Amino acid sequence: MEESYPRSKFKRVCVFCGSNSGNRKVFSDAAIQLGNELVKRNIDLVYGGGSVGLMGLISQRVYDGGCHVLGIIPKALMPIEPASTNALALQLLALLGPYNNNSFAMEISGETVGEVRIVSDMHERKAAMAHEADAFVALPGGYGTMEELLEMITWAQLGIHKKPVGLLNVDGYYNCLLALFDNGVQEGFIKPCARNIVVSAPSAKELMMKMEHYSPSHEDVAPHESWQMKQLGNYQGQENAE
């Protein structure tokens, strides 16, 4: 009998993850399991728009499960990360000019999954992802994944958003990073209450359960209402971002 889930408080979750799959199958399995958890809870996916590595695995799983997938990608990365047979995406690619089209054929990485939104740069990408999502999860990944994770943690600490930030610590991949956070508390650079911004768990199911019950316990550096999202990038609808 399939396990039933109560209605999630999240409509959309942003997942940060690698465009590589890692050297061990456990990472790919974790991406698929997280996709399964999102589908079971009827949660849509927001992600970086790539179609390879862990990004490709989770986006395809959520899409196949009947949930909406929104990939947000800077136009400079379009030749590297996704390829598309989607008519709208092809029209957008045509607008990018001959440079992107010429290099595109050599660097195809698979068909784009779901809806694709092309933005101007990395800053606009992160602002758009933050605006669209109700929560954030980081799967294993490299510098880019960790940079995106740390920025969302920082924004939570500053009071820019009040959304849960989850870390899927697959087979201890992030043990050293979590230890670094703990050391930051011990050495007086991170407040103990701010350490609780990061919600971590070894499995997707446990992580989603923790995030559903997350409540901020830290004091914002500045009042949430004082932040203007227009400072974080220009994209349609951001004036209503939380």
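In what follows, every heavy atom counts, from backbone to side chain, and hydrogens, waters and symmetry copies are set aside. This one's a predicted model, so the numbers in the text were calculated from it and none came from an experiment.
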query = Are any of the side-chain nitrogens in Lys126 or Glu148 under 4.0 Å away from the carboxylate oxygens of its partner?
reply = no
ask   = Looking only at atom types and distance, does a side-chain atom of Glu212 sit under 3.5 Å from a main-chain N or O of Lys9, one as donor and one as acceptor?
value = yes
message = Strictly distance-based, threshold 3.5 Å: is any side-chain N or O of Lys163 a donor or acceptor partner for the main-chain N or O of Ala133?
response = yes
message = To the nearest 0.5 Å, what is the distance between CZ on Phe189 and CG on Asn183?
response = 9.5 Å
key: Close side-chain approach of Leu207 to Val137, heavy-atom, < 4.5 Å   = yes
Distance, nearest 0.5 Å, that separates CG of Leu150 from CG of Leu177 = 6.0 Å
key: Taking every non-hydrogen atom, the tightest pair across Val170 and Ala30   = CG2-CB, 3.4 Å
task = I would like to know whether Asp121 and Lys75 meet salt bridge (charged side-chain N to carboxylate O under 4.0 Å, His left out); could you show each step before the answer?
result = CA-CA 7 Å; Asp121 54 38; Lys75 62 183 180 181; over 6 Å; no
task = Could you grab the distance from atom CG of Leu38 to atom CZ of Arg12, nearest 0.5 Å is fine?
result = 13.0 Å
query = Under 6.0 Å between ring centres, would you say that holds for Phe136 and His161?
reply = yes
pair Val199-Val165: side-chain heavy atoms closer than 4.5 Å = no
ask   = Closest heavy-atom contact between Met211 and Gly166?
value = SD-CA, 3.8 Å
key: Under 3.5 Å: donor-acceptor pair, side chain of Gln157, backbone of Ile153   = no
query = What residues form a ring pair (Phe, Tyr, Trp, His ring centres under 6.0 Å) with Phe10, not counting sequence neighbours?
reply = none
inquiry  = Main chain of Val69, side chain of Asp44: is a donor-acceptor contact present, judged purely on distance under 3.5 Å?
reply    = no
query = How far does CZ of Phe181 sit from CD1 of Ile197, to the nearest 0.5 angstrom?
reply = 10.0 Å
query = Looking only at heavy atoms, what is the nearest atom pair of Pro74 and Ile118, with distance?
reply = C-CG2, 4.4 Å
ask   = Are any side-chain N or O atoms of Arg125 and backbone N or O atoms of Ile72, one a donor and one an acceptor, separated by less than 3.5 Å?
value = yes
inquiry  = Could you go through Arg117 and Ile73, starting from their C-alpha distance and side-chain angles, then the distance that decides it, and tell me whether this counts as side-chain contact (heavy atoms from CB on, under 4.5 Å)?
reply    = CA-CA 6 Å; Arg117 181 184 302 172; Ile73 186 167; over 6 Å; no
key: Reported CG-to-CG distance for the pair Asp29 and Leu34, which is rounded to 0.5 angstrom   = 12.5 Å
message = Please confirm whether the ring centroid of Tyr47 lies under 6.0 Å from the ring centroid of Phe16.
response = no
Heavy-atom side-chain contact between Ser200 and Leu178 under 4.5 Å = yes
note = Tightest non-hydrogen contact, residues Gly141 and Met146, listed as O-CE, 3.8 Å
query = Would you say the side chains of Ser203 and Gln33 form a donor-acceptor pair under 3.5 Å?
reply = no
Distance, nearest 0.5 Å, that separates CG of Leu168 from CE of Met208 = 10.5 Å
request  = Apply the test side-chain contact (heavy atoms from CB on, under 4.5 Å) to residues Leu54 and Ser28: give CA-CA distance (whole Å), side-chain angles for both, the deciding distance (0.1 Å), then the verdict.
outcome  = CA-CA 6 Å; Leu54 299 188; Ser28 297; 4.2 Å; yes
query = Quick one: do Asp182 and Arg195 make a salt bridge, cutoff under 4.0 Å?
reply = yes
key: Contact check, side chains of Ile58 and Ile32, non-hydrogen atoms, under 4.5 Å   = no
Donor-acceptor pair, side chain of Asn169 and main chain of Tyr174, under 3.5 angstrom = yes
note = Here the pair of heavy atoms bringing His68 nearest to Val62 is O-CG1, 4.2 Å
ask   = Going hydrophobic residue to hydrophobic residue with side-chain gaps under 4.5 angstrom, can you get from Met209 over to Val39?
value = no
ask   = Can you name the nearest heavy-atom pair linking Ser59 to Met55, along with the distance?
value = OG-O, 2.8 Å
query = Donor-acceptor pair, Lys205 side chain versus Glu37 backbone, under 3.5 Å?
reply = no
inquiry  = Quick check on side chain to side chain contact (heavy atoms under 4.5 Å, CB included): which of Asn42, Val13, Ile43 does Ser8 satisfy it with?
reply    = Ile43
